[in-house]
There are 2 protein chains.
Amino acid sequence: MPSTHAPIRRKVTLIDIAAACDVSRATVSLVLRNSPLVNRHTRERVQAELQRQGYIYNRAAANLRKRTSSSIALVLNDLANPFFAEFAAGVDEEVGAAGFVTLLGSTGESPERQQAVLSSLIEHGPGGIILSPAEGSDASRVMESLGPQMPVLLFNRELGGDLPESAHWDRLMLDNAHGAELATMHLIEQGHRRIAFFGGHAQSSSCQQRRAGFMKAMKRARLKVPKDYLVESAPTRLDAARACDALFASDPAPTAAVCYNDAVALGLMLGLGQRGLQPGRNFALTGFDNIGEAAMVSPSLTTISTAPRERGRQAARLLLARLEHPQERGERTIVPVELIVRTSSCPPLAA
Amino acid sequence: MPSTHAPIRRKVTLIDIAAACDVSRATVSLVLRNSPLVNRHTRERVQAELQRQGYIYNRAAANLRKRTSSSIALVLNDLANPFFAEFAAGVDEEVGAAGFVTLLGSTGESPERQQAVLSSLIEHGPGGIILSPAEGSDASRVMESLGPQMPVLLFNRELGGDLPESAHWDRLMLDNAHGAELATMHLIEQGHRRIAFFGGHAQSSSCQQRRAGFMKAMKRARLKVPKDYLVESAPTRLDAARACDALFASDPAPTAAVCYNDAVALGLMLGLGQRGLQPGRNFALTGFDNIGEAAMVSPSLTTISTAPRERGRQAARLLLARLEHPQERGERTIVPVELIVRTSSCPPLAA
DNA sequence: CGTTATTTTTAGAACGATCTAAATGGGGCA
DNA sequence: TGCCCCATTTAGATCGTTCTAAAAATAACG
């Protein structure tokens, strides 16, 4: 039996359609874009042929000619983190709805990888970039690989170093300080006096802001914060569990902790369990982010809601709006946050 | 003070560099691609000028001319699910390492959105597609919008309907049946006799496979499975928590459950708690996926590990390899899974 | 029927790169 | 000096679209 050699069809282009319909490329192009210029009959003829040949529009070619872009780059420090995964889903939703496509890049918190990812993505000509920077990445290097014209929306974190005035980058930041303040106030109202701030890298901007909000609330309540009530950790469960010991090194030990984020809070819960403490009974704690599992763990986690999916949509909208007015100056948007009280923030045992 | 109007520089192209160096476009192009043909001095001159003008390579233009692609589309039914988020991170890692870029699309389990997403992505000319289909999506429609030539790697689920022979699509599937079998055997060894299969949509292929593995183990142990020991739910925590009641509608009630996946298992834990039962003490359960929180919840969740990040890398490698040999026939890869025993799978109380 | 509007179509350049085939400029050598 | 060879460089077509300006076809009108 003769092996039927699969016919390696070239991709079908405007020219093929034009030839088949005996019209010019230009006419087919007009049909594709639904121009009212073209006659009803021709339009139908052409549309049928497009269908028949299984034509696929080549947007890259069109973009080249039109000098436009139809993609948005999304560069995240950690896609595997549920907070960012939700955020990405939100971005993609809105980007897709606007007829754009999302170019994904994940940097795994490495400034070097971030550079590589950015320079690779930029070559594909995205209309703009949504960037949640890797820890320790700096403004001038990022600027260097993006060029001064690329619209950028910075999410969640500031870059180290400072930007030239010329770059009008937008920012979408959580109200970290206020969120931490709310959490702290809540614990104080519950009756706690010895409260620690737990987790996060002290040099990251979001950690600094959250610590500041914490300190503000403590100061207002005239509560003092011994130096060893500020405990650092990587912002992961595992490292937080490890760092738990440091909390109890001090005497007297705290009775509650405001955690840098939910991941850290969950890690701390684990650590507490290993010390024989019951979070939500003899130790109170709060998180930050309200990731899905915060509601599901036991005890359920009191936390600060930031609605990551909605933030993703918002980021996309902001950037898409910016594409229309590239020359206006960058704006800083700070989104309000909300305290979600659950069961992990119990009153102190001997209140 | 005269407002210094920001100079709206056109993008710098090969031509600009060529002009500045007084060489031809072709020469600059050769420099960009590190061709050995060009003279050392010219190369250096050109490279300096590229640097100076902040040239950015236009890969779309190059791809157009070369008739190549430098992107891979990744279409997922649910990006917000930690399992797929990890998977996506793995894909992007490998795709990036190969010098490609990831085009992201999230369908939210809607076959309609999936169609829209696919037809949008395809226009950007990806070299291939990694697709984890939405529930209820069907082969012929997908085929229709992708065309017969596009390399496709199907992950995690089969499509409904069947494919024309002509399409050599690859598949990367988890060994669902075997995984569920392992989990069931483990519960049987723990001493359980009344075991349910909990959660998932019965019509999804992965659920069918997992149920089949469950039934196989039960049959081998000569344990019978009453019809109401097969409980359906959406594969989410929330719906699983709701569906918990159905488990205890039967008499006698089961003492253990093999859950469709971790999300469902976590939901079931919640539901059990609401009924005053303690998972891991008076009810045993297992999950599937080994998502991050499986190790962190209390009790920690016995589950089946599928290493989603590594699966992502593997999927990317398979697809990239396929790009080299588009005409070979599609392969089906089934990845082994592993039982991770933790504390949720306790023996029955009255063993 | 000739003119002018109006509608519809189109030739050809352009977008920013690559590729082919050929041109250019030395050196070496007879 | 003339010829060949090698290393470099380049003109011009090309990828699949859109755009501009103008041509062609049709309608309208005195």
Worksheet item: When the distance from CZ of A:Arg40 to P of C:dT7 is rounded to whole Å, what number comes out?
Response: 16 Å
Discussion item. Tell me the closest heavy-atom pair linking B:Pro126 and B:Ala73, and the distance in Å.
Written reply: CB-N, 3.8 Å
Fill in: d(CG, A:Asn34; C1', D:dT18) in whole Å
15 Å
Practice prompt. Starting from P on D:dG16, measure out to CD on B:Glu123 and report it in whole angstrom.
Written response: 16 Å
Item to complete: Let me know the distance between CG of A:Asn63 and C1' of D:dC19, rounded to the nearest Å.
Response: 15 Å
Worksheet item: Just by distance, with hydrogens left out, do A:Asn77 and A:Thr107 show a side-chain donor and acceptor under 3.5 Å apart?
Response: no
Practice prompt. Considering just the side-chain nitrogens and oxygens of B:Thr27, establish if one lies under 4.0 Å of OP1 or OP2 belonging to D:dT10.
Written response: yes
Item to complete: Please check if the side chain of B:Arg43 supplies one atom and the backbone of B:Ser35 the other of a donor-acceptor pair under 3.5 Å.
Response: yes
Worksheet item: Which of parallel (below 30°), tilted (30 to 60°) and perpendicular (above 60°) describes B:Phe155 and B:Phe83?
Response: parallel
Worksheet item: Heavy atoms, side chains only, cut-off 4.5 Å: are B:Val101 and B:Val95 in contact?
Response: no
Worksheet item: CG of A:Asp22 versus P of D:dA24: gap in Å, rounded?
Response: 16 Å
Worksheet item: Taking atom types as modelled and ignoring hydrogens, do the side chains of B:Thr333 and B:Asp170 form a donor-acceptor contact shorter than 3.5 angstrom?
Response: no
Worksheet item: Tell me: CG of A:Leu37 to C1' of D:dA25, nearest whole Å?
Response: 15 Å
Item to complete: Quickly work out the A:Ile17 CD1 to C:dT10 P distance and round it to whole Å.
Response: 15 Å
Item to complete: Could you encode protein contacts along nucleotides 15-22 of chain C as a string, one character per nucleotide from 5' to 3', using B for base contact, S for sugar-phosphate-only contact and - for no contact, with a heavy-atom cut-off of under 4.0 Å?
Response: BBBBB---
